[in-house]
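As the structure is a computational prediction, the values presented were derived from the model and not from experiment.
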Amino acid sequence: MPPELPRGLDPRLVQAGLLVLAGLALASLYHRSCYIDDAWLGERAYWLAREGVVRSELFRGPLDYGERMFVFHKLLALTGATFIRLFGWSLYVLKSVSLVSFFAFLGLLWRYCRRFESKDVFVLTTLVLLGHGLLGSRIFVYRPEVMLMALGFGCFFLLRSFLEGTEWPRATLAGGAVLAGLGALAHLNGLMFIAAGTLLLLLRRRPGPAAVFAVLASSVTALYFADAALAGAVPTLWRQLLTDPMLVQRIPDAGSHFTGLLSEHQRYFHSRGEILFSLLLLGAGVVAARFTRLRANPLVPFTVALAVSLALLSPERHAHYAIPLFPYLALIVADGLAHGLPRAGRVAGAVLVVLLWIHVAHGAAQLGQIIATNEDTATRNRALAAHIRPGATVVATLPFVFDEIESRTVHGLEPYWIRSGYGRAPIPPDALFADAHRRGARYAILSHEDLKFSGWPGATLPRSGANYRQIHRDDDHLILELF
């Protein structure tokens, strides 16, 4: 780094901060607790690995996905199924899909910075990314955002290489298009990379390559319909797409895609972590725009196009959907810190350095909280299963599938909570358990979180009812026998 940088950005201090964050991130992997989506999405990969089709016993109940599912994260499920076939069914095998994706991303970021930036920018970008607690938590969760982040960044790397000169222009353009299409197969929000890549090429007055990119990327994305087409079940796919309650609740009408642009800022000011990151981005972005050549960098139009596309594709303002944008935002921050800060003045420099280290400290605290609350999910589930007759069907909180899915049928409570609007229209306990029993469940396992979602008065449950009785209770769960 240039010697005129503030002391707070001394290379040794930055590297030490990065080592601390990396150490905390690695320590947080041990006995990482089950996140609900590990089970929600992981069960689909289990059936794909075991039976060759995606279905769900967890959602066999009110959502009736027990026979076949066609609306899911296709590439994530395929990768998860491959990991299961290779290494067996385990929570940590599934979580490793995102971890491997993150390491692949870091390799791409290193290559990108070697060509277009510098080692200093790589270190700062990685520091900023690991300092974001949301990303630090999701690098070991079986969800598609980190995979999409890696694929999308690979797409951008190849597109910039194509625009600025490469020995294999056609292969480079085609590779970027394929990665964009694969991103859409990982998560349909990945369509934003097709839109952003096409727009970037058009802005650089490359209409021919833009058309090739869009057509090739869309052709890869069309594989989303392949399983339904081969099964002659495209109408079923559309029915599931239009009736899935999670999609219907979150995307009530087409107009929300456009009116939601007015509230898109909420995604980036959602909590303390997002607010700190956004303030750092705004400050460093201003410095970079004023004192560096950032405005001529294809990174800027690509990032803006991604942000607008995400707002249109995902009216729901959850911050984790923005994870695939984080590398570009972090590169803008790193560019401002590494190249703009020496010319920005002492006051601006001091403010940005303080913001950076507050951001890093907050991320470290979030990783520390993960470490403090981790538990061995499989061991806990084995202890719960000891109170249940072997082989009996259970309706349970979703994480119970680790590793009990291989020895019993597990139906999920989550479909009932979705149907009740998470307690807004409570399903009476006797009605819920009667329906579960009719579908084959002989036991129910509820967590205190489930009771919160139930909407039952006081979020409690009597020890017995018309069709159930409590047979076990501990600090976190209660087990009922259904009859």
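- Both the sub-6.0 Å distance and the 45° axial angle are not jointly satisfied by R111 relative to the ring of F157.
- Side-chain atoms of S101 do not come within 3.5 Å of backbone N or O of L148 as any donor-acceptor pair.
- A distance below 6.0 Å separates the ring centres of F153 and Y328.
- Listed for the S28 side chain is a donor-acceptor partner under 3.5 Å among the backbone atoms of A25.
- Around atom CZ of R115, more than 12 heavy atoms belonging to other residues, nucleotides or ligands sit under 6.0 Å away.
- A distance below 6.0 Å separates the ring centres of F59 and W40.
- Within the structure, ring-ring contact (aromatic ring centres under 6.0 Å, His included) pairs that include any residue of residues 158-208 comprise H73-H187, H187-Y321 (at least two apart or interchain).
- Under 4.0 Å is where a charged nitrogen must lie from a carboxylate oxygen, and between D376 and R380 no such pair does.
- A donor-acceptor pair under 3.5 Å is formed between the side chain of E274 and the backbone N or O of S271.
- When all heavy atoms of V141 and S98 are compared, the pair lying nearest together is O-OG, 2.5 Å.
- In this model, a donor atom of one side chain and an acceptor atom of the other lie less than 3.5 Å apart for R138 and Y35.
- Side-chain contact annotation: R160 with Y112, donor-acceptor N/O pair under 3.5 Å present.
- Using a distance-only test at 3.5 Å, with no hydrogens or angles considered, no donor-acceptor pair links the side chain of T397 to the main chain of P399.
- A donor-acceptor contact shorter than 3.5 Å is absent between the side chain of T409 and the backbone of E57.
- Within the 4.5 Å cutoff, the side chain of F277 has heavy atoms near those of the L329 side chain.
- Summarising the geometry, atom CG belonging to L432 is positioned 5.5 Å from atom CD1 belonging to I427; distances are rounded to the nearest 0.5 Å.
- With sequence neighbours left out, the side chain to side chain donor-acceptor pair (under 3.5 Å) criterion links Q369 to no other residue.
- Rounding to the nearest 0.5 Å places CG of L48 at 6.5 Å from CZ of F72.
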* Hey, mind stepping through E449 and I36 against side chain to side chain contact (heavy atoms under 4.5 Å, CB included) and telling me if it holds? -> CA-CA 11 Å; E449 191 77 2; I36 189 170; over 6 Å; no
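- Side-chain atoms of S96 do not come within 3.5 Å of backbone N or O of L99 as any donor-acceptor pair.
- If you check the side chains of H31 and E375, you find no donor sitting under 3.5 Å from an acceptor.
- Side-chain contact between L276 and L280 is absent, with no heavy atoms from C-beta onward closer than 4.5 Å.
- Side chains of F453 and L413 form no contact here, defined as non-hydrogen atoms less than 4.5 Å apart.
- Side-chain contact between E404 and V394: absent, with no pair of heavy atoms (C-beta onward) separated by less than 4.5 Å.
- The closest side-chain heavy-atom distance from Y65 to R44 is not below 4.5 Å.
- Enclosure of atom CZ in R170 is not indicated, since only 12 or fewer non-hydrogen atoms of other residues, nucleotides or ligands lie within 6.0 angstrom.
- Counting only distance, with no hydrogens or angles, the side chain of H411 and the backbone of A436 share no donor-acceptor pair below 3.5 Å.
- No donor-acceptor pair closer than 3.5 Å links the side chain of D335 to the backbone N or O of V121.
- Counting only heavy atoms from C-beta outward, the side chains of L299 and F116 never approach each other to under 4.5 Å.
- When atom types are taken as modelled, the side chain of R55 and the backbone of E67 share no donor-acceptor pair closer than 3.5 angstrom.
- Looking only at side-chain heavy atoms (C-beta outward), M147 and L151 come within less than 4.5 Å of each other.
- Between the CG atom of L21 and the OG1 atom of T126 there is a distance of 10.5 Å, given to the nearest 0.5 Å.
- Although no hydrogens or angles enter the test, the distance criterion places a donor-acceptor pair under 3.5 Å between the side chain of T377 and the main chain of C34.
- When side chains are defined from C-beta on, F225 counts as touching L237, because their heavy atoms get closer than 4.5 Å.
- Counted by atom type alone, E414 and Y422 present one or more donor-acceptor pairs between their side chains at under 3.5 Å.
- A distance of 8.5 Å separates CD of Q15 from CG of D120, quoted to the nearest 0.5 Å.
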